[in-house]
Amino acid sequence: MHLRTRLKQLALVGAALATVTASLPAAAADSGDRHGRPSDRGLSAVIRYTEYGIPHIVARDYANLGFGTGWAQAADQICTLADGFVTVRGERSRWFGPDGAPDGSLSSATRNLSSDLYFRGVRDAGTVEGLLARPAPAGPTKQLKELMRGWAAGYNAWLEQNRITDPACRDAGWVRPVTQLDVARRGFAVSVLGGQGRGIDGITASRPPASPGPSASTGAPHPTRTAAAARELFAAENATMGSNAVAFHGGTTANGRGLLLGNPHYPWQGGRRFWQSQQTIPGELNVSGASLLGTTVVNIGFNEKVAWSHTVATGVTLNLHQLTLDPADPTSYLVDGRPEKMTRRTVTVPVKDGAPVTRTQYWTRYGPVISGLGAQLTLPWTSTTAFALNDPNAANLRGSDTALGFGKARSTQDVLDTLRRTQGLPWVNTIAADSSGNSLFTQSQVLPRITDELARRCSTPLGRATYPASGVAVLDGSRGDCALGSDPDAIQPGVFGPSRMPVLRNAPYVENSNDSAWLTNADRPLTGYERVFGTIGTPRSLRTRGGIEDVAAMAAEGRLTVADLQKQQFANRAPAGDLAAADAARACGPVLPDDPEACRVIGSWDRTVNTDSRGALLFDRFWRKFTGAVPPAEQWKVPFSAADPVRTPHTLDTASPGFAKALTDAVAELRTAGIPLDAPLGAHQFVVRGDRRIPVSGGTEALGIWNKTEPVWNAAGGGYTEVAHGTSHVQAVGWDGSRCPVARTLLTYSQSSNARSPHFSDQTELYAQERWVTSRFCEKDILRSPQLRVVRVRG
């Protein structure tokens, strides 16, 4: 770059920073009306964009930082963000019709109408307003409220000052200004994703029996079938969110400092995407990483001293209370023999091209009455019994305060202290490392206080089946002595306090791949926690087993660096292949006597899922069919042993009838689609961006791949032609003794969902090439960016 151009850029940056840090007017604190559309008078920020459109946002205080963040998110993701605000306002039916389906990012609702009935009910009840009014620490801090106020103002300012180019919402009437309350409602939706958010269809469809009487009680749920459905519903392998993360202690690294590799597995489309930024308030906050869209803070990231990531935890964030109904009134229930009337929440939803729809929801002291969790787990409301859902995260708007505390942390001890102070994480584990060489794992969640003793004493017959199988407690709601109680160190009643959380500190490695805390470190298993947190001594997923094998070997070898983390991310080893491919190849001949090529392809496969791996696609299609049809206990000859949990079960049971069918069907499927059995994986596992087919590596949950890719099969289109969810925002972080962390990042689906943006697929191209972004954290590195672009944004 020409020296004169560089000097002009530096002068611009210096002037902008001086303005931000020294001269923003006091009027920046004017918030307009309390929760209405925020005033953006006086709010401003400086945004320095570096490679791949990553913004480095500098502001004087929290309101101004929120302003810059809201502006920058809107610039990249206006349509996705606006769609989410339609959801939390309960207006999907108004704009898109009642029968359309939300994208699933903010709830499990299968129809716009049920989504609206729930979120308008939250709105009409003033739920979020009540949470905002609570003083910290039970409610959000002043800093977080200022961030939300500023974020809304920044979003609105971008909307007012720019033309939308994304065809997904250009000229759409549903793209409108937002309020601080809208931002808080979006945070609430994220908080209850694992609780009320799972049951929205069941909450909004629940109705009292039309004619009370003996015939109405014939639909009682069957304990065994319900337990199986609950196990399936809450199984990690069936989730659309997951993650891997590992932190290494300084005793395993080349320089005695910690290392962290974070690899969240999240949706590639819709409102649950991550977005990268750096947020800086000089002297107060300096943090880089990824935010879930619509949030005001860095959710997963690093600073000068600490790096952290999250994995979706096994803790069950809800429980059920089985209600004994008043024989004279099915909308009243008994507690210690005394009737309590349910609260009616009547909600009206405007509908596109139709009359408004009005429905009544029924709420109890425990939460809403619910008719089921998903299509398989039905909970009928009869003349004698109903079920209410308890979700403690419906009283939790503290998650962003937890993330804000992490951003300021100087050590893993500060991370723990933040968790104890804020108690805001609803459904994730935390894995962290610091520059002093410490490692940390903790499953610090907001969970209903279901102790094993309480479950033994108070479970109904249904609960005695569901709790051991899935961690879903069904308690007797007719007994006052079955209330959840409180821990003395808990911020809110009815949840576990910090002292009850599984924690492992300073092990050589701490790793989680969405199984329970038990094998965080295989040499130091965690035990002693309640069943609601997860299982102990049970089979681990292939992804957990493979991950532990990999990171334990890395820790044993020692002298680790950030480069070793990068290698692990793209090692693309298939644990299922290591365990089963040789057995499958040996047994293949009798199954396919007229097709020796299939046997040869499986036998010669290199057991990886790189884009050039031949045989990976055939084995993947076979393995999906086999594991989908054959129960886990019948897949292996050597069963699981809690004494050897990483290496068992093993030895493929090829005598299973499902083996021959799965293999035959997989071969036929590829041949019918015209796909060669030995085709390189990348030729048939790709995403389409514009006129480009971008091959991607990685593999599925069933294969146990660290670099998880859950693609969408389209045989007519040539194979896997899109990614539904999988590796998303990756960070490999360490320290070298300077003030600048050594960090490499990758946002697999890129910053923008607007196909007209230059940052629609640039990092996706990097992902395909297994290349990384070198993070620019320190000022000197930001200012050296050859693509530096400085923007001052203001109201």
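Between Trp151 and Tyr155, the two ring planes are parallel [angle under 30°; tilted spans 30° to 60°]. Relative orientation of the Tyr366 and Tyr333 rings is tilted, given thresholds of 30° and 60° on the angle between their planes. By the 30° and 60° cut-offs, the orientation of the rings of Trp713 relative to Tyr720 is perpendicular.
Of the possible polar contacts, one joining the Trp268 side chain to the Thr727 backbone as a donor-acceptor pair under 3.5 Å is found. Judged by distance alone, with hydrogens and angles left aside, the side-chain atoms of Thr378 form no donor-acceptor pair with the main-chain N or O of Pro380 at under 3.5 Å. A distance-only check finds no donor-acceptor pair linking the side chain of Glu701 to the backbone of Gly242 [under 3.5 Å]. Between the Gln73 side chain and the Gly294 main chain, a donor and an acceptor come within less than 3.5 Å of each other. Listed for the Asp166 side chain is no donor-acceptor partner under 3.5 Å among the backbone atoms of Cys169. Judged purely by atom type and a 3.5 angstrom limit, Ser191 uses its side chain to pair as donor or acceptor with the backbone of Asn396. A donor-acceptor pair is defined here as one N or O able to donate and one able to accept, closer than 3.5 Å; no such pair exists between the side chain of Arg272 and the backbone of Gln269. Side-chain atoms of Arg120 come within 3.5 Å of backbone atoms of Thr348 as a donor-acceptor pair (strictly under, hydrogens ignored). Side-chain N or O atoms of Lys145 include one that pairs as donor or acceptor with a backbone N or O of Leu132 at under 3.5 Å.
With 3.5 Å as the limit, one finds no donor-acceptor pair spanning the side chains of Arg273 and Tyr749. No side-chain donor-acceptor contact under 3.5 Å links Asn393 and Thr317. At a cut-off of 3.5 Å, with distance as the only test, no side-chain donor of Thr69 or Thr296 sits close to an acceptor on the other residue. With hydrogens and angles left out, the side-chain atoms of Tyr118 and Gln196 include a donor and acceptor closer than 3.5 Å. Side chains of Gln77 and Gln751: a donor-acceptor N/O pair is absent below 3.5 angstrom, by distance only. For the residue pair Thr311 and Asn514, no side-chain donor N or O sits within less than 3.5 Å of a side-chain acceptor on the partner. A donor-acceptor pair shorter than 3.5 Å cannot be found between the side chains of Gln492 and Gln423. Looking at Thr346 and Thr360, their side chains do bring a donor and an acceptor atom within 3.5 Å of each other.
Residues Ser114 and Ile200 approach most closely at O-CG2, 3.5 Å, considering heavy atoms. Taking both residues in full, the closest heavy atoms of Asn754 and Phe760 are given as O-CB, 3.3 Å, listed atom of the first, atom of the second, then distance. Across every non-hydrogen atom of Ser291 and Asn299, the tightest pair is CA-OD1, 3.2 Å. Across Phe274 and Ala290, no two heavy atoms sit closer than the pair CD2-CB, 3.8 Å. The heavy-atom pair separating Leu144 from Leu397 by the smallest distance is CD2-O, 4.1 Å. When every heavy atom of Thr80 is checked against every heavy atom of Arg186, the shortest pair comes out as O-NH2, 4.0 Å.
Taking a cutoff of 4.0 Å between a charged side-chain nitrogen and a carboxylate oxygen, Arg185 and Glu129 qualify as a salt bridge. With respect to the salt-bridge test (charged N to carboxylate O, under 4.0 angstrom), the residues Arg624 and Glu710 qualify. Under 4.0 Å is where a charged nitrogen must lie from a carboxylate oxygen, and between Lys341 and Asp329 at least one such pair does. For the pair Asp401 and Arg398, the salt-bridge criterion is not met [side-chain N within less than 4.0 Å of a carboxylate O]. Between Glu91 and Lys352, no side-chain nitrogen of the basic residue sits less than 4.0 Å from a carboxylate oxygen of the acidic one, so the salt-bridge criterion is not met. Salt-bridge annotation for Asp182 and Arg89: present, with a side-chain N of the basic residue lying under 4.0 Å from a carboxylate O of the acidic one.
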Legend entry - ring pair (Phe, Tyr, Trp, His ring centres under 6.0 Å) between Trp381 and Phe387, worked out: CA-CA 7 Å; Trp381 186 345; Phe387 295 86; over 10 Å; no

Inset, instruction - Please report the C-alpha distance between Ser115 and Ser107 in whole Å, then the side-chain angles of each, then the deciding distance to 0.1 Å, and finally whether the side chain to side chain donor-acceptor pair (under 3.5 Å) criterion is met. - result: CA-CA 8 Å; Ser115 174; Ser107 81; 4.6 Å; no

Legend entry - Arg225/Gln376 under side-chain contact (heavy atoms from CB on, under 4.5 Å): CA gap, chis, key distance, verdict: CA-CA 9 Å; Arg225 289 194 293 270; Gln376 286 73 42; over 6 Å; no

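Summarising the local packing, CD of Gln161 is surrounded by more than 12 heavy atoms from other residues, nucleotides or ligands at distances under 6.0 Å.
Note: Phe85 and Trp174 fail the aromatic proximity criterion, with ring centroids not under 6.0 Å apart.
In this structure, the side chains of Leu325 and Ser383 stay at 4.5 Å or more apart for every pair of heavy atoms.
For the pair Arg198 and Phe234, the cation-pi criterion (under 6.0 Å, within 45° of the ring axis) is fulfilled.
The structure places CG of Leu425 at 4.5 Å from OG1 of Thr402, a figure rounded to the nearest 0.5 Å. The structure places CG of Leu320 at 9.0 Å from OG1 of Thr460, a figure rounded to the nearest 0.5 Å.
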